Amino acid sequence: MTATSTARTIRLRDDRPPLVEPAMSNTEDPHERLRLTSRWIEVDGVRTVPVTGELHFSRIPRRRWEEQLRLLVASGLTSVSTYVFWIHHERERGRARFDGDLDIAAFLETAERVGVDVILRIGPWCHGEVRNGGHPDWVAAALGDRARTNDPEYLALVRDWYGRIAEQVRPFCGPDRPIVGIQLENELHDQPDHIAALKVIAQESGLSAPLWTATGWGGAILPAHDVFPLYSGYADGFWAGQGSTWDDSFRDHFRFAHIWDDPGVGGDFREEGTEIVVRPIDPEFPPSTCELGGGMATAYHRRPIARGRDIAALANVKIGNGSAWQGFYMYAGGVNPEDGLQESLATGYPNDLPRFDYDFQAAFGATGRPGPSLGVLRDHNAFLAAFGPRLADTFSSLPDDAPVDVHDLDSLRWAVRGDGAGGFLFVNTHQPHEPLSAVPGVQFRIPFADGELVVPDRPVDIPSGVIGRWPLRIDIAGVRLEWATASVAGIVEGEVPTLVLRAHDGLDARLQLGEGSRARLRGIEVDAAAPLDLAPGDVLVVDGALRVLVVDEERAERLWYLGADLVDSTDGVWREAGDLVVRAERSPTALVWSGEDFEPLDLRTDAHPGTTRLTIEQLRPVGDAPARYGESMGRSAAPDDGQFDEVAGVWRIVRPEPRDRSAGDLVELVVDWEGDVAQLRADGVVIGDRFWDGSAWRIDITEISPDADLTLHIAPVAAHSVIDFDASVRERVDAAGSLGTVIRAEHIVSSRWTSAL
């Protein structure tokens, strides 16, 4: 039974600074399609909430660039961001490479062909878990502490490097070109004059963009007017110290608040005791969260798991807080282009990272295949695509008792974002590690300009785990939605558009239409004056002008919004040359929305995809795992080559007979394993590695010779190993005492399946 409760109230307050048009993108580097104000970003003349995803072109094989970009667009991104790592391109001074997988010009050509905008993050210090933060060794050796300052010798080297970048990308800069943003430096907190100097050098080198950005978290002091501050938010982080608990800086992102700074990110690079001054946003620019944790890297000492609903909850809260632009780091994982380019304790960093692996548990993994978080992020992105124009010029209001304390797990976390006449109610009862409580007897009282709105009509119990965005007096295709206790997702184009409404597990979906509406549910006319009880699978037709499709959480995470096509698929789907394309290793089960129901999509291929269970021959058993191989800064160190080989078990992988391949085939080795550190070697040379976090390991072996001798080397992990695992993984280790084995290995060939609709 629902408990009785007084309705929760809120005062709608527009506390935003006055609307101004900064010089950036207006009088400085104006662009035909993108323009900035202090409150929103306009794209093609429309106020919107853009969505950016991080992809590092130099960590992805060139042959996969186009497909990966098309998949990113299909999942709701409007732009991609990418680092240009100096150390990837100029290992030796004066011998810069921009060929093969390092061809930034070819990457930009591909992005332009696909139709996605690009934000270049040109450093010269980038971090990105790269050695020296991206500085080549010769720069780090020559400059030392003078790097990342206005030291004349350093600025001369930067001028040369920026000039080399400009030679490659200048054709893609300009008022109608795909480069719409350039980020300078990264996580530099107290040198505004240096960031200003970098911008001058970049402009003098021929680089231009309507947006010049810099990271604003960590109490950063940035040069006024020169850069657009961007903020971050992570559900957890590998950078936390050994043995640390879930820090308050992570908890803070799961409550509604109007504080944009994040003192946690980059904390491992600050001197102990450094005070972080949380600064207010610059009123010249809209608050933007363009480095939300779309996954998480796995360090040796600390291996958090980035779960999709954690990411989605965090992103939803930021939109409820008023974010004007969202970006995810990472959105597509990858692999370092050469051995030894990673951040490590041996090179003075606080963390050991894998030598090759940069999967990042991202929405798309290191091989380009969909990851566990992709479905919830597509749902989130579809909402922003459909309702971004309504959200852009709105303000966020918090109830008087918000924000709740980060350790308060019982109080309801909610906010309203709207224009005073309508908008969206954001609810969050989800967070990782410390679940938020269910809240009984909930009803909201919203004082809109044309009259108070009570939502819903009777109190409801909100279960734990809700990530909600409920409509409040919004119009779609001439149809008024007064309120709903289900979340609006995307809108599917068509003569009669379809609104997708996501019902929450454990919460009845009710919808109140506007006065005078006429509706048919399951083909039968219903009384639309009263709230309607809806269930997943229901299709409600309102005034003959709008269909409302109700889906459950599971189906919501399978939906792809592709313009006029809504596709239900667990495989990656994208549009190419008028066709829908699906990548799969077996006949895909994909359904397309007809306007009445989901119908099978006819997909065909001339290729020969398939999955083969591999024989694995153990050549050597694992040894005994030490508690630690070493430590630095209080953090466990990864084993060096000698330590690794001393304890690692070895298995030979017997691959199937080679078969004819078709253009576009992807060949993966998928290994389900347990242990500490794994390496894949081809003819004795390490070509891939991974730190175990409980998940399977997918490796792109498309370009590995079928004649190569492949061996897996696994170092064991034991209950006494000093490693911070996710609780679920630590339980497995402690229960077994020691783990180090290959459970299963598969050879997977996936192909392109196409359908012309």
Side-chain angles (χ1 to χ4, degrees), residues 21-57 65 69-70 72-73 76-84 104-123 126 162 165-166 168-186 198-199 202-203 205-216 225-231 284-291 323-329 331-332 381 384-385 388-389 392:
E21 294 186 356
M24 185 181 295
S25 84
N26 291 291
T27 58
E28 178 186 304
D29 290 336
H31 198 271
E32 291 182 2
R33 292 185 298 102
L34 189 144
R35 191 177 77 89
L36 179 68
T37 77
S38 59
R39 292 183 178 174
W40 65 77
I41 296 170
E42 288 183 12
V43 180
D44 293 325
V46 178
R47 301 171 186 176
T48 189
V49 179
V51 186
T52 302
E54 187 89 6
L55 168 156
H56 296 156
F57 73 94
W65 284 349
L69 288 170
R70 290 191 183 280
L72 265 60
V73 171
L77 298 191
T78 59
S79 57
V80 297
S81 55
T82 189
Y83 277 129
V84 186
I104 179 64
F107 175 78
L108 292 168
E109 288 173 359
T110 305
E112 186 169 37
R113 181 169 62 253
V114 169
V116 63
D117 290 331
V118 179
I119 293 91
L120 286 185
R121 306 177 81 181
I122 62 173
C126 300
Y162 278 5
I165 295 175
Q168 302 295 318
V169 310
R170 193 180 293 116
F172 303 94
C173 297
D176 61 348
R177 311 305 290 137
I179 294 178
V180 298
I182 295 175
Q183 179 183 304
L184 302 166
E185 250 286 341
N186 190 44
L198 292 178
K199 182 176 179 180
Q203 290 176 317
S205 299
L207 296 171
S208 67
L211 303 179
W212 291 84
T213 73
T215 52
H225 316 299
D226 278 336
V227 288
F228 180 175
L230 303 181
Y231 297 96
E284 189 174 359
F285 302 98
S288 297
T289 46
C290 285
E291 195 172 298
S323 178
W325 179 13
Q326 283 206 305
F328 296 95
Y329 187 104
Y331 205 87
N381 297 343
L384 294 180

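Worth saying up front: this structure is predicted, and the values here are computed from it rather than measured.
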Asn381/Leu77 under side-chain contact (heavy atoms from CB on, under 4.5 Å): CA gap, chis, key distance, verdict: CA-CA 7 Å; Asn381 297 343; Leu77 298 191; 4.0 Å; yes
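Interatomic distance, OG of Ser288 versus CG of Leu36, reported as 8.0 Å (0.5 Å rounding). Interatomic distance, CD1 of Ile104 versus CD of Glu109, reported as 10.5 Å (0.5 Å rounding). A distance of 8.0 Å separates CE in Met24 from CZ in Phe228, rounded to the nearest 0.5 Å. Interatomic distance, Glu28 CD to His225 NE2, rounded to the nearest 0.5 Å: 11.0 Å. Atoms OG1 and CD, from Thr78 and Gln326 in turn, are 11.0 Å apart once rounded to the nearest 0.5 Å. Atom-to-atom distance recorded for Asn186:CG and Tyr83:OH is 3.5 Å, nearest 0.5 angstrom.
For the pair Ile165/Gln168, no side-chain contact is recorded, criterion being any heavy-atom separation below 4.5 Å from C-beta on. Counting heavy atoms from C-beta on, the side chains of Leu211 and Trp325 come closer than 4.5 Å. Side-chain atoms of Asp29 and His31, non-hydrogen and from C-beta on, never get closer than 4.5 Å to each other. Contact check for Thr82 versus Leu120: side-chain heavy atoms found under the 4.5 Å cut-off. Using a 4.5 Å heavy-atom threshold, the side chains of Phe285 and Pro229 count as touching. You'll find the side chain of Leu184 reaches within 4.5 Å of the side chain of Ile122, heavy atoms only. Considering only heavy atoms from C-beta on, Phe172 stays 4.5 Å or farther from Val118 through its side chain. Counting heavy atoms from C-beta on, the side chains of Tyr331 and Thr52 never come closer than 4.5 Å.
Glu32 places no side-chain N or O within donor-acceptor distance of the main-chain N or O of Leu34, the cut-off being under 3.5 Å. Under the 3.5 Å distance criterion, the side-chain polar atoms of Trp212 are matched with a main-chain donor or acceptor of Ala209. Although no hydrogens or angles enter the test, the distance criterion places no donor-acceptor pair under 3.5 Å between the side chain of Ser205 and the main chain of Leu207.
A ring-centre distance under 6.0 Å is not found for His56 and Phe107.
Every residue two or more places apart in sequence or in another chain was checked for a ring-ring contact (aromatic ring centres under 6.0 Å, His included) with Tyr162, and none qualifies. By the side chain to side chain contact (heavy atoms under 4.5 Å, CB included) test, Val73 is found to be paired with Val114, Val116, residues two or more places apart in sequence or in another chain being considered. In this structure Arg170 satisfies the side chain to side chain contact (heavy atoms under 4.5 Å, CB included) test together with Ala166, sequence neighbours excluded.
Considering every non-hydrogen atom in both Leu198 and Gly123, the closest pair reads CD1-O, 4.3 Å. Closest heavy-atom contact between Pro286 and Ala324: CB-CB, 3.6 Å.
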